[in-house]
Amino acid sequence: MNRIRNRLIAVFLAATLAPLAATWWIATELLERSVAFSSTDQLDRLSRTLEQTGRTVYQQAREQLRRDAGEGRIQPTRYTGEPASWPSEIREFADAAGFERFRLSDDGKMIDLLVRRGDQVLVYSRAMEADLPTLSAQIRGARETVAQARGRDLRSGLIRTFALLVGAVWCVSLALLIFLAHRLSRPVQQLTAGLARLAAGDLATRIPAAGNDEAGRAIRAFNETAAQLEQSRERLVYLTQIASWRTLARKMAHEIKNSLTPIRLTMEEILARGAADDPRFVEQAARITVDEVETLERRVRAFSEFSSEPSVRSTTVDVNAAVEERIALLEPGRSGVRYEKQFARPTPLARADADLVKGVLTNLLENAADAAREVLVITATTAGRVSIEVHDSGPGLSEQARQTLFEPTITFKKRGMGLGLSIARNNALLCGGDLELIESRLGGAAFRLSLPATAAPALVPTRAAS
């Protein structure tokens with residue numbers, strides 16, 4: 001998500017919506033006030049006043065005609081006899097319900113009062129003082145003018161036009177701001193993504209730089225820094241490899257020298273004594289030479305094994321059974337060593353390569369048997385991990401040995417190459433676990449091999465600890 005662009009848009013919205021709302025309110029108020037004084041409204045009010053006046057005049061004329069008829073000041077026109085001879089309006093009045101009706105002549109100049117008395121109809125007439133037809137025509141014209149003006153709806157038209165104009169200007173401004181915000185924030189977004197890739201270890205990442213502004217200069221500086229880091233890493237990897245090979249070469253040379261020295265001394269002694277003078281000495285010297293050559297072969301094989309990665313085939317490993325099998329294999333050759341076992345119940349099941357696990361156990365058990373006469377093996381399951389601990393009662397490890405414990409180093413053992421624990425830990429890591437040094441319960445050295453546990457340990461019977 002481009003947060004900088006979104007923040008710029010949010011700032012624009014906050015900075016424009018409030019003034020826009022205020023401008024809209026002021027403009028609409030001014031339009032309302034200005035349109036309120038238009039002639040259309042005045043004409044509407046005038047037409048309504050004239051209409052009310054016409055009704056008042058007509059009402060007064062009716063009342064006056066009724067009074068004059070009642071007081072006898074006006075003589076009526078009488079219709080008697082056969083109704084068939086009467087005018088149609090008189091016949092309709094005679095047939096209708098009611099005893100009195102007013103009518104206005106077609107030209108609006110006379111008003112008549114029709115009164116029914118028995119079988120005759122009396123018609124009283126009086127001239128109108130106001131020209132109602134002309135007044136009615138003027139009122140109708142004014143009403144039509146007002147209706148046409150309201151049909152056009154000047155106020156609504158002005159407001160809609162103003163709203164459309166304001167909305168169009170604001171939308172164009174918003175679109176322009178989104179475009180500019182994207183242009184401004186895009187280099188920052190690219191730089192952030194590049195830094196994330198660089199932090200993840202991708203030193204080959206580069207960002208296309210565009211422009212000479214601050215963002216462009218920052219991107220170019222990033223590219224230069226990434227290039228320098230990549231070169232530095234390549235040099236560092238090369239120097240590290242050279243240093244590793246040099247260290248390994250020194251250790252290999254030291255180990256070979258340890259075996260070549262007795263060979264050389266033995267051969268010099270043979271030359272000094274002579275082969276025919278002491279055959280027994282020659283036989284002993286030959287035996288020493290053969291032993292040292294075998295030692296050299298073992299060291300070369302150990303270094304070859306250390307340099308290669310074994311294939312891993314993960315299976316379900318019964319940890320207790322694996323420990324029992326290794327102890328049973330090694331115990332006949334260690335008659336003076338007492339093995340004690342403390343197994344977890346139910347038996348722990350690990351997900352690992354069985355051959356690699358056996359190799360690690362063999363190394364740990366042999367080292368413990370070489371150092372002490374008492375060996376303790378403990379198995380346990382904790383937080384989805386299976387652990388195997390090997391404790392011995394020997395003299396323990398010196399501080400120097402602890403610092404280089406899992407590194408290919410010089411060994412202090414007569415038949416050792418200094419690679420056993422390095423290979424053992426590497427195999428533990430390949431199985432998804434680890435090998436670490438812990439405090440011994442017997443006062444000597446102790447190691448813990450941890451492995452990933454299977455999802456559901458099964459109840460597998462094992463032999464009792466001896």
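Values in this document were obtained by computation on a predicted structure and should not be read as measured data.
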Show the numbers, then the answer: is there a side chain to side chain contact (heavy atoms under 4.5 Å, CB included) between L364 and L421?
CA-CA 8 Å; L364 296 179; L421 288 177; 4.1 Å; yes
Steps toward salt bridge (Lys or Arg N to Asp or Glu O under 4.0 Å) verdict (D392, R373):
CA-CA 8 Å; D392 65 61; R373 294 299 179 183; over 6 Å; no
Begin with the C-alpha distance, continue with both residues' side-chain angles, and end with the deciding distance and a verdict on side chain to side chain contact (heavy atoms under 4.5 Å, CB included) for L330 and E325.
CA-CA 9 Å; L330 299 175; E325 188 266 340; over 6 Å; no
Is there a side chain to side chain contact (heavy atoms under 4.5 Å, CB included) between L449 and L451 once you walk through the steps?
CA-CA 7 Å; L449 171 63; L451 299 170; 4.2 Å; yes
Show your reasoning for whether side chain to side chain contact (heavy atoms under 4.5 Å, CB included) applies to R351 and V317.
CA-CA 6 Å; R351 188 70 181 174; V317 179; over 6 Å; no
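In this structure, V375 and R338 have side chains that are not in contact, with every pair of non-hydrogen atoms separated by 4.5 Å or more. Between V323 and F343 the shortest side-chain heavy-atom distance falls below 4.5 Å. Counting heavy atoms from C-beta on, the side chains of V312 and S314 come closer than 4.5 Å. Residues L376 and Q342 are in side-chain contact: their nearest non-hydrogen atoms beyond the backbone lie under 4.5 Å apart. Side-chain contact between L437 and L397 is present, with heavy atoms from C-beta onward closer than 4.5 Å. At least one side-chain heavy atom of V377 sits under 4.5 Å from a side-chain heavy atom of I327.
Residues D318 and T347 have side chains that bring a donor and an acceptor to within less than 3.5 angstrom of each other. For R326 and T362, the side-chain atoms include at least one donor-acceptor pair closer than 3.5 Å.
Nearest heavy atoms, A371 versus P395: O-CD, 3.6 Å. A pairwise comparison of heavy atoms in A428 and V360 identifies N-CG2, 4.4 Å as the closest pair. A pairwise comparison of heavy atoms in A380 and A344 identifies CA-CB, 3.9 Å as the closest pair.
Put simply, CZ on R385 and OG1 on T382 are 11.0 Å apart, with the number rounded to the nearest 0.5 Å. Atom CG in L435 sits 10.0 Å away from atom CG in N427 (nearest 0.5 Å). Atom CD in E324 sits 9.5 Å away from atom OG1 in T379 (nearest 0.5 Å). In this structure, F447 CZ and S440 OG are separated by 10.0 Å, a value rounded to the nearest 0.5 Å. Rounded to the nearest 0.5 Å, atoms SG (C431) and CG (L356) are 4.5 Å apart. Atom NZ of K341 is separated from atom OH of Y339 by 10.5 Å, given to the nearest 0.5 angstrom.
Take T49 and apply the side-chain contact (heavy atoms from CB on, under 4.5 Å) test, not counting sequence neighbours, and it matches T53.
A salt bridge (Lys or Arg N to Asp or Glu O under 4.0 Å) check over residues 432-448, counting only residues at least two apart or in different chains, returns the pairs E389-R448, R425-D434, E436-R448.
The neighbour count for R55 CZ, taken as heavy atoms of other residues, nucleotides or ligands under 6.0 Å away, does not exceed 12.
Distance alone, capped at 3.5 Å, places no donor-acceptor pair between the N426 side chain and the S422 backbone.
Each of V386, T454, I388 was checked for a side chain to side chain contact (heavy atoms under 4.5 Å, CB included) with P348, and the lone residue meeting it is V386.
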